[in-house]
Amino acid sequence: AYLMSANLTGANLKWTSLSYADLTEAKLVQANMNSARMSFADLSRANLTGADLSDADLTSARLTGSVLSKARFDRTRLSEMDLRGVDLTESSFRGSNLDLVYLANSRMNGADLRDATLDRVEMTGVDLTGANLERIKYDQFTLYSLSEARMDRAKISDDLKSDLSHIQKDPLSFSPM
């Protein structure tokens with residue numbers, strides 16, 4: 001589907017198949033995209049403020065330059081994605097799986113990542129001020145990059161606090177459980 005610059009504000013796209021769709025610069029503010037299949041979709045520079053992408057498949061979707069503040073990605077699979085520098089302020093990723101995702105220098109202040117699984121997620125320079133990272137699961141790569149993120153007032157589990165403190169004390173000998 002070719003939907004470049006389309007105004008889909010508030011649209012109900014639940015269960016829609018948008019794999020390989022071109023939604024470049026589309027306006028999807030408050031759109032319901034729950035359970036949509038969007039693998040390889042191009043959402044570059046799209047505005048998805050407040051959109052519901054819960055339970056969606058966003059494998060290899062392009063979101064370069066998109067606005068994703070207050071979007072819901074609960075239980076969503078995000079895989080092989082470049083989200084560097086993207087605005088994810090107050091977005092929710094509860095119970096989501098992030099695999100090979102580049103989030104370096106993104107704004108995730110106030111984001112909810114409770115119960116998310118992060119595998120090979122680059123978070124260097126991410127602003128996680130006030131974010132909730134309770135009960136996240138993470139690999140060593142993600143942990144090391146998290147140690148370079150801003151986490152002022154973030155809610156984090158005791159395990160994550162401990163793992164981060166071990167990295168800061170002796171970065172070469174640490175291996176998370």
Side-chain angles (χ1 to χ4, degrees), residues 1-134 136 142 145 149-150 154:
Y2 296 98
L3 297 165
M4 292 93 57
S5 301
N7 186 350
L8 298 167
T9 298
N12 184 1
L13 301 170
K14 189 174 183 175
W15 294 100
T16 305
S17 178
L18 292 168
S19 294
Y20 297 94
D22 189 344
L23 290 151
T24 304
E25 297 181 358
K27 190 172 184 182
L28 293 152
V29 176
Q30 298 289 324
N32 180 355
M33 302 168 84
N34 188 295
S35 302
R37 291 186 314 274
M38 302 178 70
S39 55
F40 300 97
D42 189 349
L43 293 144
S44 300
R45 298 177 308 284
N47 186 345
L48 291 119
T49 302
D52 183 358
L53 294 140
S54 298
D55 300 301
D57 181 0
L58 292 165
T59 301
S60 297
R62 292 185 56 184
L63 290 155
T64 308
S66 295
V67 178
L68 301 164
S69 61
K70 298 182 182 176
R72 289 184 53 209
F73 295 93
D74 297 341
R75 301 167 309 280
T76 298
R77 181 169 188 248
L78 295 106
S79 180
E80 300 174 23
M81 297 180 71
D82 185 354
L83 297 172
R84 287 178 285 190
V86 171
D87 182 2
L88 293 155
T89 302
E90 296 181 26
S91 290
S92 179
F93 293 87
R94 291 187 71 172
S96 292
N97 289 307
L98 287 76
D99 181 36
L100 279 171
V101 177
Y102 299 94
L103 286 164
N105 301 314
S106 294
R107 290 180 307 281
M108 296 185 76
N109 33 316
D112 188 350
L113 291 151
R114 281 179 282 181
D115 302 306
T117 300
L118 288 71
D119 184 25
R120 295 166 291 168
V121 177
E122 173 59 74
M123 300 191 83
T124 302
V126 174
D127 184 355
L128 290 161
T129 301
N132 190 334
L133 289 93
E134 294 175 318
I136 64 167
T142 303
S145 69
R150 182 176 179 176

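None of the values given here were measured: they were computed from a predicted structure.
- Scanning both residues, Arg107 and Gly85, for their nearest heavy atoms gives NH1-O, 3.9 Å.
- To the nearest 0.5 angstrom, Leu98 atom CG is 10.5 Å from Arg77 atom CZ.
- Atom CG of Leu13 sits about 12.0 Å away from atom OG of Ser35, to the nearest 0.5 Å.
- Between the CE atom in Met4 and the OG atom in Ser44 there is a gap of 12.0 Å [rounded to 0.5 Å].
- In this structure, the side-chain contact (heavy atoms from CB on, under 4.5 Å) partners of Glu134, at least two apart in sequence or on a different chain, are Arg114, Asn132, Lys155.
- Applying the ring-ring contact (aromatic ring centres under 6.0 Å, His included) rule to pairs touching residues 32-82 yields Tyr20-Phe40, Phe73-Phe93, sequence neighbours excluded.
- Residues satisfying the salt bridge (Lys or Arg N to Asp or Glu O under 4.0 Å) test with Asp99, not counting sequence neighbours, are Arg120.
- Not counting sequence neighbours, Asp22 has no partner by the salt bridge (Lys or Arg N to Asp or Glu O under 4.0 Å) test.
- Of the possible polar contacts, one joining the Ser145 side chain to the Met123 backbone as a donor-acceptor pair under 3.5 Å is found.
- A distance-only check finds a donor-acceptor pair linking the side chain of Ser91 to the backbone of Leu68 [under 3.5 Å].
- Under the rule for a side-chain contact (heavy atoms from CB on, under 4.5 Å), the partners of Asp127 that lie at least two apart in sequence or sit in another chain are Asn109, Thr129, Arg150.
- In this structure, Met108 and Leu88 have side chains that are in contact, with non-hydrogen atoms separated by less than 4.5 Å.
- When all heavy atoms of Arg37 and Trp15 are compared, the closest pair comes out as NH1-O, 4.3 Å.
- The line from CG of Asn97 to CZ of Arg75 is 11.5 Å long, rounded to the nearest 0.5 Å.
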When you look at Arg62 and Asp82, which way does the side chain to side chain contact (heavy atoms under 4.5 Å, CB included) test go after all the steps? CA-CA 7 Å; Arg62 292 185 56 184; Asp82 185 354; over 6 Å; no
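- In this structure Ser19 satisfies the side-chain hydrogen bond (donor to acceptor under 3.5 Å, both in side chains) test together with Ser39, sequence neighbours excluded.
- Judged purely by atom type and a 3.5 angstrom limit, Ser79 has no side-chain atom pairing as donor or acceptor with the backbone of Thr59.
- Residues satisfying the side-chain hydrogen bond (donor to acceptor under 3.5 Å, both in side chains) criterion with Asp115, sequence neighbours excluded, are Arg135.
- Checked by atom type and distance alone, the side chain of Thr16 never pairs as donor or acceptor with a backbone atom of Ala36 at under 3.5 Å.
- Partners of Ser92 under the side-chain hydrogen bond (donor to acceptor under 3.5 Å, both in side chains) rule, at least two apart in sequence or in another chain, are Asp74.
- Here the shortest heavy-atom pairing between Leu113 and Leu133 reads CD1-CG, 4.1 Å.
- Listed by chain and residue number, Glu80 satisfy the side-chain hydrogen bond (donor to acceptor under 3.5 Å, both in side chains) test with Ser60 (two or more places apart in sequence, or in another chain).
- Within the model, atoms CG of Asp42 and OH of Tyr2 stand 11.0 Å from one another, a figure rounded to the nearest 0.5 Å.
- Take Asp57 and apply the salt bridge (Lys or Arg N to Asp or Glu O under 4.0 Å) test, not counting sequence neighbours, and it matches no residue.
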Could you walk me through whether Asn105 and Arg84 pass the side chain to side chain contact (heavy atoms under 4.5 Å, CB included) test, one step at a time? CA-CA 6 Å; Asn105 301 314; Arg84 287 178 285 190; 6.0 Å; no
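- Taking each heavy atom of Val86 and Gly65 in turn, the nearest pair found is CG2-N, 4.3 Å.
- Without hydrogens or angle criteria, Thr142 side chain to Val121 main chain gives a donor-acceptor distance under 3.5 Å.
- Minimum heavy-atom separation, Leu53 to Thr76: O-OG1, 2.7 Å.
- The side-chain contact (heavy atoms from CB on, under 4.5 Å) test applied to Thr9 returns Asn7, Lys27, Val29, not counting sequence neighbours.
- Atom-to-atom distance recorded for Asn12:CG and Asn34:CG is 9.0 Å, nearest 0.5 angstrom.
- With sequence neighbours left out, Ser69 forms a side-chain contact (heavy atoms from CB on, under 4.5 Å) with Thr49, Val67, Asp87, Thr89.
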